[in-house]
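The next block holds one structure in the form of C-alpha cells; read it before the comments.
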Amino acid sequence: MSRVTTQFAIVVLFLALLTFAESGKPEAGATPTQDDTLLSIDLPHDPPTIKDNKFLFSVTFTSELPGKQFTAPFVSCGQSVSCLSKKTDPSRGFSTIQYEATLPSDPPAAVELAADLYLHTAAGDQQAKRTSRIVDLGFRKYSLQPTIDTKQPLEGDTPRRLSFHFKDGADTVIPVFPVDLHLSSDCADFSKSPRSEEQAKFAPSTTAQFKSNSEGSEEIVIQPHFWSAETCEVNVVEVLQGSGGTREIDPPPIIFTVKPAYTPSFLMALAGALCQYLVFGAARLIVEAQKLNPSKNPLAGNPAPGSPAVKVTGSSPYKRLASEIFIGPAYSNLISVLLKGVLAFFIAGIMKDPNVFGITVEKGNFYGFFTLGIFFGFWPLEKLLQKFAEIAGLKGVPTDQTDSGKPPVVPPTAPRPSEAGG
C-alpha cells in the first residue's frame, strides 16, 4: 500500500514540474502587453532642425525579453517622405536606431512618424506594439479661413452656418491628416444642429471635423451674442489626428465683426418702461377711484360724524381720471414713457460698466434692457434728465418744472340733483 502511494506522489510531482516548465515558454502568436515592451520615437528638437531637406530622429525599442525575440521595428515617415536607418546602438536589452528623414522639394506642413515592433515566433511574426508621432515641420504655408466673410458684420442673436477651409493663397489645401477644430468663444455660441430653433443645443464651444481627403470641414452653426462687442474672437485649436497619436496646433484666432440686435433691444427697453407705466398707473387709478367713491372702498371705514356723504354716479369722472393718469395733457404721459424707453436703450448701449445707478444690468440678453426700462420708468422724467446732465458734468442745471411722480388728483364734481337723489 505504501509503495502505490509513493508511486502516485512521484507521478503528481512530475506532472507539476512539467506544467511549470511549459508555463515559462511563450505561446505561439502571443502578443506581449505594453508593460513588458518599449517603443518610442525621439526627436532632439520639435519642430526638428532641418538641413538640406533632412532631419534626424531615433527609435528606441526592446531587443530582448526572457523567452521573446524582437526584430527591428518597421518605421515609416508618411507620404512622400523617405526614412533610412543610419546606425544602431544596442545597450542592455534595448536598441536605438537613428534614422534620417528626407523631405521632398515641396515639403508638407507635418508628417507622421510611425514605428511597429514585431515579436518573432515559430508561428510567424506578430505585432507587439505600435507608436506614432505627428511632427510639425514648421512649413505652415496654409491658413484656416471660414466660409463667412469676416469683413461683413454678423447680426447679433442671429444664427449663421459656418465651415472652414485650409487655404494657400487662393488655392484650397487638403490636410494630410484628419483634423478636429476645437472652437470656443466668449461672445458667440455654437451648435451642430442646422435648425436654429434648437436653442438648447447651443454652447460656447464645439468641434468641427475635417475628414480624410476633404476640402472643407463639417458645417456648424455660429450665433453671436445678443449684444456683443464690436469684434468677436473665435479661438481655434487644430488637433491633427494620426493613426496612433495627436498633435495640437494653435493658429491665430478668427475675428468677426458683430452688429448688435438694435431693434429688439430697443423694443425690450420700451416694453420695460411701458410695463412699469401700465402697472403702476393702474394701481394709482384704483386708489384715486376709491377716493371718489369711498362707499365702494371696504378699507375706508365709516365717514366721520357730521361729514356730508358724497356719492358719485356715472362713468364720466372715472374716464377723466383715467385720462389724466394714463394720457396726461397733450399726451405728455405717453410721450414720457417713450422718452424713458429711448433713454434706457441709449444708456444701456453706451455703458461699459453694467452698473447703472446701483442697478446691475446685463446686456447679453433681452432681459437686461427690459429691466433697465422698468427701472427708468420709476424716475420722473425731469429728474432723470437732470441726473444725466449731472453725470455729463452740467451740474446745477435749473429745471422749471418739478415732477413728484404722482398723478394729479381730480376732485369729485358736485353731483347733480338727479344724481344725488333729488
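Contact annotation: the side chain of P47 never approaches that of V135 to less than 4.5 Å [non-hydrogen atoms, C-beta and beyond]. Contact check for T257 versus T150: no side-chain heavy atoms found under the 4.5 Å cut-off. Taking the side chain as every heavy atom from C-beta outward, L144 and F166 approach each other to under 4.5 Å. Within the 4.5 Å cutoff, the side chain of K129 has no heavy atoms near those of the T62 side chain. P153 places none of its side-chain heavy atoms less than 4.5 Å from the side chain of V258. Taking 4.5 Å as the limit, every side-chain heavy atom of L338 sits out of range of all side-chain heavy atoms of L334. Using a 4.5 Å cut-off on side-chain heavy atoms (C-beta onward), P224 and C232 make no contact. Within the 4.5 Å cutoff, the side chain of F94 has no heavy atoms near those of the D89 side chain.
The two residues P108 and V111 have their closest heavy-atom pair at CG-CG1, 3.7 Å. Across all non-hydrogen atoms, the minimal contact from F256 to I222 is CE1-CD1, 4.1 Å. In terms of heavy-atom proximity, C77 sits nearest to A101 at SG-CB, 4.5 Å. Listed here is the closest heavy atom pair of L39 and A115: CD2-O, 3.5 Å. The heavy-atom pair separating P104 from N53 by the smallest distance is O-ND2, 2.9 Å.
To the nearest 0.5 Å, atoms CD1 (I148) and CG (L162) are separated by 4.5 Å. Note: R247 CZ to R133 CZ = 7.5 Å, rounded to the nearest 0.5 Å. Taken to the nearest 0.5 Å, the CZ atom of F61 stands 6.5 Å off from the OG1 atom of T88. Taking OG of S95 as the reference point, atom CZ of F70 lies at 11.5 Å (rounded to 0.5 Å). Distance check, rounded to the nearest 0.5 Å: CG of L285 to CZ of F280 gives 14.5 Å. Going from atom CD1 of I50 over to atom CZ of F55 covers 6.5 Å, rounded to the nearest 0.5 Å.
Residue E248 is tested with I134, D136, V239 for a side chain to side chain contact (heavy atoms under 4.5 Å, CB included); the sole match is V239.
For the pair D52 (side chain) and K54 (backbone), a donor-acceptor distance under 3.5 Å is absent. Formation of a donor-acceptor pair under 3.5 Å by the D189 side chain with backbone atoms of H225 is not found in this model. In terms of modelled atom types and a separation under 3.5 Å, the side chain of T147 and the main chain of S163 share a donor-acceptor contact. Using modelled atom types, no side-chain atom of S214 and backbone atom of F210 make a donor-acceptor pair closer than 3.5 Å.
A salt bridge links K192 with E218; the closest basic N to acidic carboxylate O contact falls under 4.0 Å.
Counting heavy-atom neighbours within 6.0 Å of E100 CD, excluding the residue itself, gives a total above 12.
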Mind listing the side-chain donor-acceptor pairs of residues 170-186 below 3.5 Å, one per line with the distance, residues two or more places apart or on another chain?
{"from": "T172", "atom 1": "OG1", "to": "K167", "atom 2": "NZ", "distance (Å)": "3.0"}
{"from": "D180", "atom 1": "OD2", "to": "Q241", "atom 2": "NE2", "distance (Å)": "3.0"}
{"from": "S185", "atom 1": "OG", "to": "C187", "atom 2": "N", "distance (Å)": "3.1"}
{"from": "S185", "atom 1": "OG", "to": "A188", "atom 2": "N", "distance (Å)": "3.4"}
{"from": "S185", "atom 1": "OG", "to": "E233", "atom 2": "O", "distance (Å)": "2.9"}

Step-by-step side-chain contact (heavy atoms from CB on, under 4.5 Å) determination, C83 to F57: CA-CA 10 Å; C83 294; F57 67 95; 4.0 Å; yes

Trace of the side-chain contact (heavy atoms from CB on, under 4.5 Å) decision for I254 with F164: CA-CA 11 Å; I254 298 173; F164 296 89; 3.2 Å; yes

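Between Y262 and F345, the angle of the ring planes goes over 60°, which puts this pair in the perpendicular group of the 30/60° scheme.
Under 3.5 Å, the side chains of T96 and T60 contain a donor-acceptor pair of N or O atoms.
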